[in-house]
Amino acid sequence: MIIKGRGVSPEISFGKILFYDNTIKDIKRYSVDNPSEEIKRLHYGILMAKDDLDRLYEDALKEVGKINAEVFSIHKMMLCDEDYTEFVENIINTQRVNAEYALAVTSDNFSKTFLEMDDEYMRARASDIKDVSDRVIRILGGNKNNIASFEEPVIIIAHDLTPGETVQLDKTKVMGFITEAGSDNSHTAILARSMGIPAIVNAGKIDESINGQFAIIDGTKGECIVNPDEDTLSVYEDKKKKEEEKIHLLKLLSGKETVTKDGRKIKLYANIGSPAEVKGAVANDAEGIGLFRSEFLYLDKSDYPTEEEQFESYKEVLTKMGSKPVIIRTLDIGADKRIDYFDLPGEENPAMGYRAIRICLDRKELFKTQLRAIFRASGFGKVSIMFPMITSVEEVYNVKAIIREVKNELISDGIPFDDQVEIGIMIETPASAIISDILAKEVDFFSIGTNDLTQYTLACDRQNEKISSFVNPHHPAILRLIEMTVNNAHKENIWVGICGELAADLTMTEEFLRMGVDELSVSAPYILRLRGKIRSI
């Protein structure tokens, strides 16, 4: 028997199937004589849940770093949300019912609202609403439901796992997990990847008769093979062993140059989303940060991060990287990354709408706050600034004008900064690739974002699973645009890199080197693999 779903953590492991039932059953509805006392009981439960979340945050901070621990801060904010608590209180008051029932109804209503949204990230938040509601319900019922410990290696199967349950998993006993529900954008999936636990989500209803049977879980393919025959088991044991050997050999490349056999040096950088991820970049011997996705400082917050908050984050990354370069991409909000407090308009096609540099040029003070923070941090390391979604040279002129304003303000305020910060742009639309000869005269470097370049060139929404078979990042049109961009950059003596997912595609490495690409920026775990590939060419 093979269970199939969406693989969200690329690991292989073995263990006995164990069904884990974490669902809350039979939430009874009963009348209360004094709704105000029931509301007090509700707020006691919420207070205890907040204490739980504080403890989980501290545990997660040690296990998976700050950015991944933030899920528990988000859940705490949800419990503080007035719309949420007022909805629960209103049910208690008007229907004169118990708090558990009111919480369950509220959870269902709010989750339904999120699930009906077009944005995949927001749909994934439906599980967060359920998690926070269930946490309070369990506390009111006297059961905090900490995930059980296990005596032998197991592969857990559950309808879904909460982030709290995931972060408490004992990695010495839990070899992997499969959930019937869930998405690869959920916090549970993100935590599984960070913790290195093989995981499959959205597998659909699973027959409980397999409970206790031995199985192989392959988080890369999104498959679990139940009761495998000896030949299959042998193949997977060999595959796991080779993968471990490969990782060991790759570690020997740490500290070595990223250079081809004929002596051509390539810059090999890491992509990060928060200061916490610098640790992984350093551990994998990144030569710099090629893409710091600064929008993650805005995501999962209840309000705009201040200049001081941003400055501290940029300073932390630069300090940790020492003399190595750090390229910060300015705010890239919109499309699949939505933030409530930005109050962005609803759009039929957000990927081609109000996003990235368009928001920054329209909301100038927001943009200037970020630029001030970056320039203030520039004295603590080697920083460059990169602007996303550029489609015209006029946009570059406007960006430069705002940079001049920011520099003049800092000079007026007596704040030191590096006046030689390199300025670059993302090439991620056919328009910018086609006029790259003009754009190259105005900037210090290009970084090609292959994810968006693919979707805009092929007219394929990368969030739409129905057309995933049409998305071919190796399409000749995309490769021609990349090569055109590289040639135009070199004519103006500026360097060009690739920071999209295609940069980590080892089948494309030799082609990128042939084109003359100067830099590749990838997720930290791919750095040593890519270095090994480059040194073999």
Side-chain angles (χ1 to χ4, degrees), residues 1-11 15 17-27 56 68 71-72 74-75 78 103-138 145-148 154-169 174-195 197-211 215 217-226 336 463-466 468:
M1 176 182 176
I2 298 178
I3 300 168
K4 294 187 177 183
R6 293 184 66 83
V8 296
S9 184
E11 310 282 344
I17 295 288
L18 179 70
F19 276 79
Y20 171 67
D21 188 359
N22 59 351
T23 57
I24 297 177
K25 296 181 178 63
D26 301 325
I27 299 175
L56 284 169
N68 292 310
V71 58
F72 301 110
I74 298 163
H75 284 192
M78 287 178 173
L103 282 160
V105 172
T106 302
S107 175
D108 288 344
N109 277 280
F110 276 60
S111 295
K112 184 180 178 185
T113 299
F114 278 105
L115 287 170
E116 289 174 349
M117 292 182 179
D118 292 333
D119 185 82
E120 187 176 356
Y121 176 85
M122 297 309 293
R123 287 198 301 273
R125 303 290 70 80
S127 64
D128 294 325
I129 288 288
K130 188 174 187 312
D131 188 5
V132 297
S133 303
D134 286 354
R135 185 175 298 279
V136 181
I137 290 170
R138 287 191 174 100
N145 195 47
N146 290 325
I147 194 161
V154 296
I155 296 170
I156 291 175
I157 294 182
H159 177 68
D160 204 354
L161 286 177
T162 69
E165 288 166 332
T166 305
V167 84
Q168 292 177 79
L169 293 174
V174 178
M175 300 294 101
F177 68 80
I178 306 165
T179 60
E180 296 174 332
S183 76
D184 45 10
N185 278 330
S186 70
H187 286 300
T188 295
I190 292 166
L191 285 170
R193 284 193 287 272
S194 299
M195 294 169 70
I197 297 176
I200 299 169
V201 301
N202 199 21
K205 185 62 179 171
I206 300 172
D207 186 351
E208 292 191 26
S209 66
I210 62 172
N211 193 47
I217 182 168
D218 185 341
T220 302
K221 294 174 69 176
E223 291 185 354
C224 178
I225 304 168
V226 182
D336 59 324
Q463 300 298 319
N464 189 339
E465 294 180 8
K466 292 182 180 178
S468 60

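Numbers here simply count residues along the sequence, with the first being 1.
Nearest heavy-atom pair, I129 versus V132, reported as atom, atom and distance to 0.1 Å: O-CG2, 3.1 Å. Across every non-hydrogen atom of P198 and E11, the tightest pair is CG-CB, 3.4 Å. Taking every heavy atom of both residues into account, P163 and D131 meet most closely at CD-OD2, 3.1 Å.
Side-chain contact between Y20 and L161 is present, with heavy atoms from C-beta onward closer than 4.5 Å. Using a 4.5 Å heavy-atom cutoff, the side chains of N202 and T179 are not in contact. Contact of the H75 side chain with the D128 side chain is registered, since non-hydrogen atoms from C-beta on lie closer than 4.5 Å.
For the pair T166 (side chain) and T162 (backbone), a donor-acceptor distance under 3.5 Å is present. E180 places a side-chain N or O within 3.5 Å of a backbone atom of I206 that can act as its donor or acceptor partner.
Going from atom NZ of K205 over to atom CD of E208 covers 5.5 Å, rounded to the nearest 0.5 Å. Of the inter-residue distances, the one linking M1 atom CE with I210 atom CD1 reads 4.5 Å to the nearest 0.5 angstrom. Interatomic distance, CD1 of I3 versus CD1 of I157, reported as 4.0 Å (0.5 Å rounding). The NZ atom of K221 lies 7.5 Å from the CD1 atom of I2; values are rounded to the nearest 0.5 Å. Taken to the nearest 0.5 Å, the NZ atom of K4 stands 10.0 Å off from the CD1 atom of I225. In this structure, the separation between OG1 on T188 and CD on E165 is 8.0 Å, given to the nearest 0.5 Å.
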Please evaluate residues F177 and I197 with respect to the criterion side chain to side chain contact (heavy atoms under 4.5 Å, CB included), reporting the C-alpha separation (whole Å), side-chain torsions for both, the decisive distance (0.1 Å), and the verdict.
CA-CA 8 Å; F177 68 80; I197 297 176; 4.1 Å; yes
Determine, step by step, whether M175 and V154 satisfy the side chain to side chain contact (heavy atoms under 4.5 Å, CB included) criterion, reporting the C-alpha distance in whole Å, the side-chain angles of both residues, the deciding distance to 0.1 Å, and the verdict.
CA-CA 6 Å; M175 300 294 101; V154 296; over 6 Å; no
Start with the C-alpha gap between T106 and D108, add the side-chain angles, then the distance that decides, and say whether side chain to side chain contact (heavy atoms under 4.5 Å, CB included) holds.
CA-CA 5 Å; T106 302; D108 288 344; over 6 Å; no
Verdict with supporting geometry, I156 and L169, side chain to side chain contact (heavy atoms under 4.5 Å, CB included):
CA-CA 10 Å; I156 291 175; L169 293 174; 3.9 Å; yes
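Every residue two or more places apart in sequence or in another chain that forms a side chain to side chain contact (heavy atoms under 4.5 Å, CB included) with I200 is listed here: I178, I217, C224. When the side chain to side chain donor-acceptor pair (under 3.5 Å) test is applied to S9, no partner is found at least two apart in sequence or on another chain.
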